Amino acid sequence: MQIIRSVKDLETFLQQYEDINFVPTMGNLHAGHLSLVSEANKYDGITLVSIFVNPLQFAPNEDLDIYPRTEKQDLKELEKINCDVVFCPKPDFAKGVKKLHANADLSKKLCGISRPHFFHGIVSILNHFFQLIKPKNVFFGLKDYQQYLIVKDFLTKSTLKTNIHGVPIVREPDGLAMSSRNNLLTPDQRLIAAKLSVILKDTAHQAKIKNLEYLRVEGIKTLEELNFKVDYFSFCNSSTLEEIDEFEANTLLAIAVNLGGVRLIDNFLIQ
Ligand code: PAF
(Lines give C-alpha, C1' and ligand atoms only; values in the text may rest on other atoms or scores of the structure.)
Protein backbone atom coordinates (compact mmCIF):
# COMPACT_ATOMS: atom_id res chain seq x y z
CA MET A 1 0.00 0.00 0.00
CA GLN A 2 1.39 3.37 -1.03
CA ILE A 3 1.21 6.35 1.37
CA ILE A 4 1.37 9.76 -0.25
CA ARG A 5 1.58 13.09 1.57
CA SER A 6 2.14 15.74 -1.07
CA VAL A 7 -0.07 16.91 -3.91
CA LYS A 8 2.86 16.71 -6.32
CA ASP A 9 3.56 13.06 -5.44
CA LEU A 10 -0.11 12.22 -5.79
CA GLU A 11 -0.28 13.82 -9.23
CA THR A 12 2.75 11.81 -10.37
CA PHE A 13 1.34 8.59 -8.92
CA LEU A 14 -2.09 9.07 -10.52
CA GLN A 15 -0.65 9.51 -14.01
CA GLN A 16 -0.33 5.71 -14.20
CA TYR A 17 -4.00 5.04 -13.51
CA GLU A 18 -7.22 5.60 -15.36
CA ASP A 19 -9.93 4.37 -13.00
CA ILE A 20 -9.77 5.66 -9.44
CA ASN A 21 -12.24 4.61 -6.77
CA PHE A 22 -12.06 7.25 -4.09
CA VAL A 23 -13.09 7.11 -0.43
CA PRO A 24 -12.63 10.48 1.32
CA THR A 25 -12.37 10.24 5.12
CA MET A 26 -11.30 12.26 8.14
CA GLY A 27 -9.50 9.22 9.58
CA ASN A 28 -10.19 7.50 12.91
CA LEU A 29 -11.46 4.69 10.76
CA HIS A 30 -14.09 2.23 11.94
CA ALA A 31 -16.03 -0.60 10.30
CA GLY A 32 -18.27 1.96 8.56
CA HIS A 33 -15.32 3.46 6.69
CA LEU A 34 -13.89 0.01 5.97
CA SER A 35 -17.19 -1.01 4.36
CA LEU A 36 -16.75 1.94 1.97
CA VAL A 37 -13.27 0.70 1.09
CA SER A 38 -14.53 -2.87 0.56
CA GLU A 39 -17.23 -1.52 -1.73
CA ALA A 40 -14.65 0.54 -3.65
CA ASN A 41 -12.46 -2.56 -4.05
CA LYS A 42 -15.27 -4.23 -6.03
CA TYR A 43 -14.82 -1.80 -8.91
CA ASP A 44 -12.16 -1.97 -11.63
CA GLY A 45 -9.17 0.27 -11.00
CA ILE A 46 -7.42 1.30 -7.82
CA THR A 47 -8.86 2.24 -4.43
CA LEU A 48 -7.63 5.52 -3.01
CA VAL A 49 -8.50 6.64 0.53
CA SER A 50 -7.80 10.15 1.79
CA ILE A 51 -7.32 10.99 5.45
CA PHE A 52 -7.76 14.66 6.18
CA VAL A 53 -9.56 16.40 9.05
CA ASN A 54 -11.11 19.23 7.06
CA PRO A 55 -11.02 22.48 9.07
CA LEU A 56 -13.48 24.12 6.64
CA GLN A 57 -16.36 22.01 7.95
CA PHE A 58 -15.86 22.95 11.61
CA ALA A 59 -17.06 26.23 13.15
CA PRO A 60 -14.74 27.90 15.70
CA ASN A 61 -16.87 26.58 18.59
CA GLU A 62 -16.87 22.98 17.29
CA ASP A 63 -14.67 19.96 18.01
CA LEU A 64 -11.87 20.33 15.40
CA ASP A 65 -9.12 20.21 18.03
CA ILE A 66 -10.41 17.14 19.81
CA TYR A 67 -11.51 15.30 16.65
CA PRO A 68 -9.75 11.92 17.07
CA ARG A 69 -6.58 11.49 14.98
CA THR A 70 -5.28 7.93 14.76
CA GLU A 71 -3.29 7.77 11.54
CA LYS A 72 -0.96 4.89 12.45
CA GLN A 73 -3.84 2.59 13.32
CA ASP A 74 -5.86 3.78 10.30
CA LEU A 75 -3.04 2.87 7.91
CA LYS A 76 -2.79 -0.61 9.45
CA GLU A 77 -6.52 -1.20 8.93
CA LEU A 78 -6.38 0.03 5.34
CA GLU A 79 -3.42 -2.19 4.53
CA LYS A 80 -5.32 -5.20 5.92
CA ILE A 81 -8.26 -4.69 3.57
CA ASN A 82 -6.15 -4.17 0.46
CA CYS A 83 -6.45 -0.46 -0.06
CA ASP A 84 -4.03 0.52 -2.84
CA VAL A 85 -3.08 4.06 -1.90
CA VAL A 86 -3.69 6.48 0.98
CA PHE A 87 -3.41 10.23 0.56
CA CYS A 88 -2.71 12.05 3.85
CA PRO A 89 -2.23 15.69 2.89
CA LYS A 90 -0.69 18.17 5.32
CA PRO A 91 -2.93 20.71 7.14
CA ASP A 92 -2.13 23.40 4.54
CA PHE A 93 -4.08 21.36 1.95
CA ALA A 94 -7.15 23.40 2.91
CA LYS A 95 -5.41 26.74 2.36
CA GLY A 96 -6.50 28.60 -0.75
CA VAL A 97 -9.30 26.13 -1.46
CA LYS A 98 -11.96 27.65 -3.70
CA LYS A 99 -14.96 28.29 -1.42
CA LEU A 100 -18.05 26.74 -2.96
CA HIS A 101 -21.69 26.80 -1.85
CA ALA A 102 -23.59 23.58 -1.35
CA ASN A 103 -27.09 23.35 -2.84
CA ALA A 104 -29.07 25.97 -0.90
CA ASP A 105 -32.28 23.94 -0.54
CA LEU A 106 -30.57 20.80 0.72
CA SER A 107 -27.92 22.44 2.87
CA LYS A 108 -30.26 24.70 4.86
CA LYS A 109 -32.19 21.79 6.38
CA LEU A 110 -31.41 19.27 9.17
CA CYS A 111 -27.70 19.57 10.12
CA GLY A 112 -27.43 22.80 8.11
CA ILE A 113 -29.72 24.64 10.58
CA SER A 114 -27.35 24.40 13.54
CA ARG A 115 -24.20 24.11 11.39
CA PRO A 116 -24.71 26.68 8.59
CA HIS A 117 -21.06 26.57 7.39
CA PHE A 118 -20.83 22.77 7.42
CA PHE A 119 -21.89 21.60 3.95
CA HIS A 120 -20.18 24.50 2.17
CA GLY A 121 -16.93 23.41 3.85
CA ILE A 122 -17.51 19.81 2.79
CA VAL A 123 -18.32 20.63 -0.83
CA SER A 124 -15.33 22.98 -1.04
CA ILE A 125 -12.81 20.41 0.20
CA LEU A 126 -14.35 17.60 -1.83
CA ASN A 127 -14.19 19.68 -5.00
CA HIS A 128 -10.50 20.26 -4.24
CA PHE A 129 -9.96 16.49 -3.89
CA PHE A 130 -12.10 15.65 -6.93
CA GLN A 131 -10.33 18.12 -9.23
CA LEU A 132 -7.01 16.62 -8.23
CA ILE A 133 -8.02 12.95 -8.36
CA LYS A 134 -10.74 12.94 -11.06
CA PRO A 135 -12.24 9.79 -9.53
CA LYS A 136 -14.41 7.43 -11.55
CA ASN A 137 -16.35 6.39 -8.44
CA VAL A 138 -16.73 7.93 -4.99
CA PHE A 139 -18.18 6.23 -1.91
CA PHE A 140 -20.14 7.85 0.92
CA GLY A 141 -21.77 6.37 4.01
CA LEU A 142 -25.53 6.78 4.29
CA LYS A 143 -25.26 7.66 7.98
CA ASP A 144 -24.41 11.11 6.67
CA TYR A 145 -27.45 10.97 4.43
CA GLN A 146 -27.67 14.73 3.90
CA GLN A 147 -23.98 14.86 2.96
CA TYR A 148 -24.58 12.05 0.45
CA LEU A 149 -27.49 13.95 -1.18
CA ILE A 150 -25.53 17.21 -1.31
CA VAL A 151 -22.45 15.59 -2.87
CA LYS A 152 -24.70 13.76 -5.35
CA ASP A 153 -26.32 17.08 -6.30
CA PHE A 154 -22.90 18.72 -6.61
CA LEU A 155 -21.61 15.96 -8.91
CA THR A 156 -24.74 15.99 -11.07
CA LYS A 157 -24.20 19.69 -11.74
CA SER A 158 -20.42 19.53 -12.20
CA THR A 159 -18.46 18.60 -15.31
CA LEU A 160 -16.79 15.72 -13.49
CA LYS A 161 -17.66 12.26 -14.76
CA THR A 162 -17.80 10.76 -11.28
CA ASN A 163 -20.37 8.24 -10.04
CA ILE A 164 -21.43 8.41 -6.42
CA HIS A 165 -22.30 5.33 -4.37
CA GLY A 166 -24.18 5.47 -1.06
CA VAL A 167 -23.17 2.65 1.28
CA PRO A 168 -25.51 1.41 4.07
CA ILE A 169 -24.96 2.39 7.71
CA VAL A 170 -22.79 -0.02 9.72
CA ARG A 171 -23.90 -0.45 13.34
CA GLU A 172 -22.32 -1.66 16.58
CA PRO A 173 -23.87 -4.89 17.93
CA ASP A 174 -26.19 -2.79 20.16
CA GLY A 175 -27.39 -0.76 17.17
CA LEU A 176 -25.40 2.46 17.62
CA ALA A 177 -24.38 3.75 14.18
CA MET A 178 -20.60 3.69 13.79
CA SER A 179 -19.03 7.12 14.11
CA SER A 180 -15.61 8.47 14.98
CA ARG A 181 -17.32 10.61 17.62
CA ASN A 182 -18.47 7.46 19.50
CA ASN A 183 -14.92 7.33 20.88
CA LEU A 184 -15.55 10.60 22.70
CA LEU A 185 -18.38 9.09 24.80
CA THR A 186 -17.76 8.00 28.39
CA PRO A 187 -18.72 4.36 29.15
CA ASP A 188 -21.98 5.56 30.75
CA GLN A 189 -22.83 7.81 27.80
CA ARG A 190 -21.97 4.96 25.43
CA LEU A 191 -24.69 2.81 27.04
CA ILE A 192 -27.25 5.60 26.70
CA ALA A 193 -26.17 6.32 23.11
CA ALA A 194 -27.34 2.86 22.03
CA LYS A 195 -30.92 3.91 22.85
CA LEU A 196 -30.85 6.41 19.98
CA SER A 197 -31.04 3.69 17.33
CA VAL A 198 -33.70 1.81 19.32
CA ILE A 199 -35.92 4.91 19.44
CA LEU A 200 -35.17 5.64 15.78
CA LYS A 201 -36.23 2.17 14.65
CA ASP A 202 -39.26 1.95 16.97
CA THR A 203 -40.48 5.30 15.68
CA ALA A 204 -39.81 4.41 12.04
CA HIS A 205 -41.81 1.19 12.40
CA GLN A 206 -44.85 3.12 13.60
CA ALA A 207 -44.69 5.82 10.93
CA LYS A 208 -47.14 4.11 8.58
CA ILE A 209 -49.87 3.78 11.20
CA LYS A 210 -49.51 6.74 13.56
CA ASN A 211 -49.60 10.50 13.25
CA LEU A 212 -46.10 11.75 12.46
CA GLU A 213 -46.30 14.84 14.69
CA TYR A 214 -47.39 12.63 17.61
CA LEU A 215 -44.44 10.30 16.97
CA ARG A 216 -42.08 13.26 16.76
CA VAL A 217 -43.23 14.75 20.06
CA GLU A 218 -43.09 11.34 21.80
CA GLY A 219 -39.66 10.59 20.32
CA ILE A 220 -38.21 13.90 21.47
CA LYS A 221 -39.71 13.41 24.95
CA THR A 222 -38.17 9.94 25.29
CA LEU A 223 -34.78 11.17 24.11
CA GLU A 224 -34.84 14.13 26.50
CA GLU A 225 -35.73 11.86 29.42
CA LEU A 226 -32.51 9.98 28.61
CA ASN A 227 -30.53 13.26 28.71
CA PHE A 228 -30.11 13.67 24.97
CA LYS A 229 -30.40 17.27 23.74
CA VAL A 230 -32.35 17.02 20.51
CA ASP A 231 -31.14 19.11 17.59
CA TYR A 232 -33.72 17.75 15.14
CA PHE A 233 -36.13 14.84 14.84
CA SER A 234 -37.44 15.01 11.32
CA PHE A 235 -39.70 13.04 9.05
CA CYS A 236 -38.78 14.26 5.59
CA ASN A 237 -38.82 13.49 1.92
CA SER A 238 -35.70 11.45 1.21
CA SER A 239 -34.88 13.34 -2.01
CA THR A 240 -35.61 16.95 -1.01
CA LEU A 241 -35.34 16.69 2.82
CA GLU A 242 -38.58 18.72 2.96
CA GLU A 243 -40.43 18.07 6.26
CA ILE A 244 -43.59 16.01 5.81
CA ASP A 245 -46.75 15.74 7.96
CA GLU A 246 -48.11 12.57 6.45
CA PHE A 247 -46.34 9.37 5.63
CA GLU A 248 -45.30 8.86 2.02
CA ALA A 249 -43.16 6.20 0.33
CA ASN A 250 -39.43 6.69 1.00
CA THR A 251 -39.82 8.88 4.05
CA LEU A 252 -36.56 9.53 5.84
CA LEU A 253 -36.54 9.71 9.61
CA ALA A 254 -33.43 11.71 10.53
CA ILE A 255 -32.30 12.51 14.07
CA ALA A 256 -29.45 14.58 15.48
CA VAL A 257 -28.74 14.81 19.20
CA ASN A 258 -26.08 15.95 21.57
CA LEU A 259 -25.07 13.71 24.45
CA GLY A 260 -22.71 15.29 26.98
CA GLY A 261 -21.23 17.50 24.27
CA VAL A 262 -20.92 14.73 21.66
CA ARG A 263 -22.99 15.14 18.50
CA LEU A 264 -24.64 11.96 17.20
CA ILE A 265 -26.73 11.57 14.06
CA ASP A 266 -28.69 8.63 12.71
CA ASN A 267 -31.40 7.96 10.15
CA PHE A 268 -33.76 5.35 8.81
CA LEU A 269 -35.30 5.18 5.36
CA ILE A 270 -38.89 3.98 5.71
CA GLN A 271 -39.95 2.23 2.53
O1 PAF B 1 -17.79 12.37 6.01
C2 PAF B 1 -16.64 12.82 6.26
O3 PAF B 1 -15.81 12.17 6.91
C4 PAF B 1 -16.24 14.18 5.71
O5 PAF B 1 -17.33 15.05 5.72
C6 PAF B 1 -15.59 14.11 4.33
C7 PAF B 1 -16.54 13.58 3.28
C8 PAF B 1 -14.34 13.26 4.39
C9 PAF B 1 -15.17 15.53 3.87
O10 PAF B 1 -14.24 16.10 4.75
Side-chain angles (χ1 to χ4, degrees), residues 7 10 20-37 39-40 47-59 62-71 73-74 77-78 83 85-95 97-103 106-107 110-112 114-133 135 137-155 158 160 162-170 177-184 254 256 262-267:
V7 169
L10 184 69
I20 320 248
N21 303 307
F22 177 41
V23 180
T25 80
M26 299 210 294
N28 197 236
L29 304 182
H30 50 65
H33 296 109
L34 301 181
S35 77
L36 302 179
V37 180
E39 191 57 30
T47 298
L48 186 159
V49 173
S50 65
I51 298 180
F52 183 66
V53 183
N54 170 27
L56 306 176
Q57 67 193 74
F58 291 80
E62 291 181 350
D63 55 356
L64 174 64
D65 294 339
I66 57 158
Y67 198 86
R69 287 159 173 89
T70 52
E71 188 189 283
Q73 183 60 29
D74 293 346
E77 297 293 334
L78 290 171
C83 172
V85 51
V86 190
F87 178 43
C88 307
K90 302 191 183 73
D92 67 4
F93 184 71
K95 274 205 191 122
V97 164
K98 190 168 152 200
K99 300 272 168 62
L100 300 184
H101 280 271
N103 175 302
L106 293 172
S107 64
L110 306 180
C111 288
S114 61
R115 308 183 77 191
H117 57 283
F118 183 55
F119 292 111
H120 307 312
I122 289 176
V123 166
S124 301
I125 203 73
L126 287 176
N127 179 53
H128 200 49
F129 275 115
F130 293 169
Q131 295 301 335
L132 182 66
I133 296 166
N137 295 294
V138 288
F139 300 82
F140 286 83
L142 292 176
K143 183 177 81 79
D144 301 307
Y145 188 90
Q146 189 174 13
Q147 167 171 275
Y148 163 76
L149 277 190
I150 288 171
V151 180
K152 191 168 147 190
D153 171 83
F154 168 76
L155 284 172
S158 90
L160 288 154
T162 302
N163 307 308
I164 183 165
H165 304 265
V167 180
I169 298 176
V170 179
M178 297 251 178
S179 162
S180 301
R181 289 198 171 91
N182 294 349
N183 293 336
L184 301 172
V262 181
R263 183 175 173 85
L264 302 171
I265 61 172
D266 203 349
N267 69 73

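Just so it is clear, the model here is predicted, and its values are computed rather than measured. Whatever order the structure lists them in is the order used to number ligands and atoms, beginning at 1.
The protein heavy atom nearest to atom 5 (O) of ligand 1 is Q147 OE1, 2.7 Å. If you check which protein heavy atom lies closest to atom 10 (O) of ligand 1, you get Q57 OE1, 2.7 Å. Looking at atom 3 (O) of ligand 1, its nearest protein heavy atom turns out to be M26 CG, 3.6 Å.
Of the options T162, V151, V123, a side chain to side chain contact (heavy atoms under 4.5 Å, CB included) to F130 is made by V151 and by none of the others. Between M178 and the options H30, H33, K143, a side chain to side chain contact (heavy atoms under 4.5 Å, CB included) holds for only H30.
With no hydrogens or angles considered, a side-chain donor-acceptor pair links N28 and N183 at under 3.5 Å.
F129 and F93 have tilted rings, their planes meeting at an angle from 30° to 60° on a 0 to 90° scale.
Judged purely by atom type and a 3.5 angstrom limit, Q146 uses its side chain to pair as donor or acceptor with the backbone of L106.
Which parts of ligand 1 touch I122 is read off a 4.0 Å heavy-atom cut-off, strictly below it: atoms 5 (O). Under a 4.0 Å criterion applied to the non-hydrogen atoms of P24, ligand 1 contributes the atoms 8 (C).
Contacts between T25 and ligand 1, counted as non-hydrogen atom pairs separated by less than 4.0 Å, involve the backbone only.
Heavy atoms of F140 approach ligand 1 to within less than 4.0 angstrom.
Counting non-hydrogen atoms of other residues, nucleotides and ligands closer than 6.0 Å to NZ of K152 gives a total of 12 or fewer.
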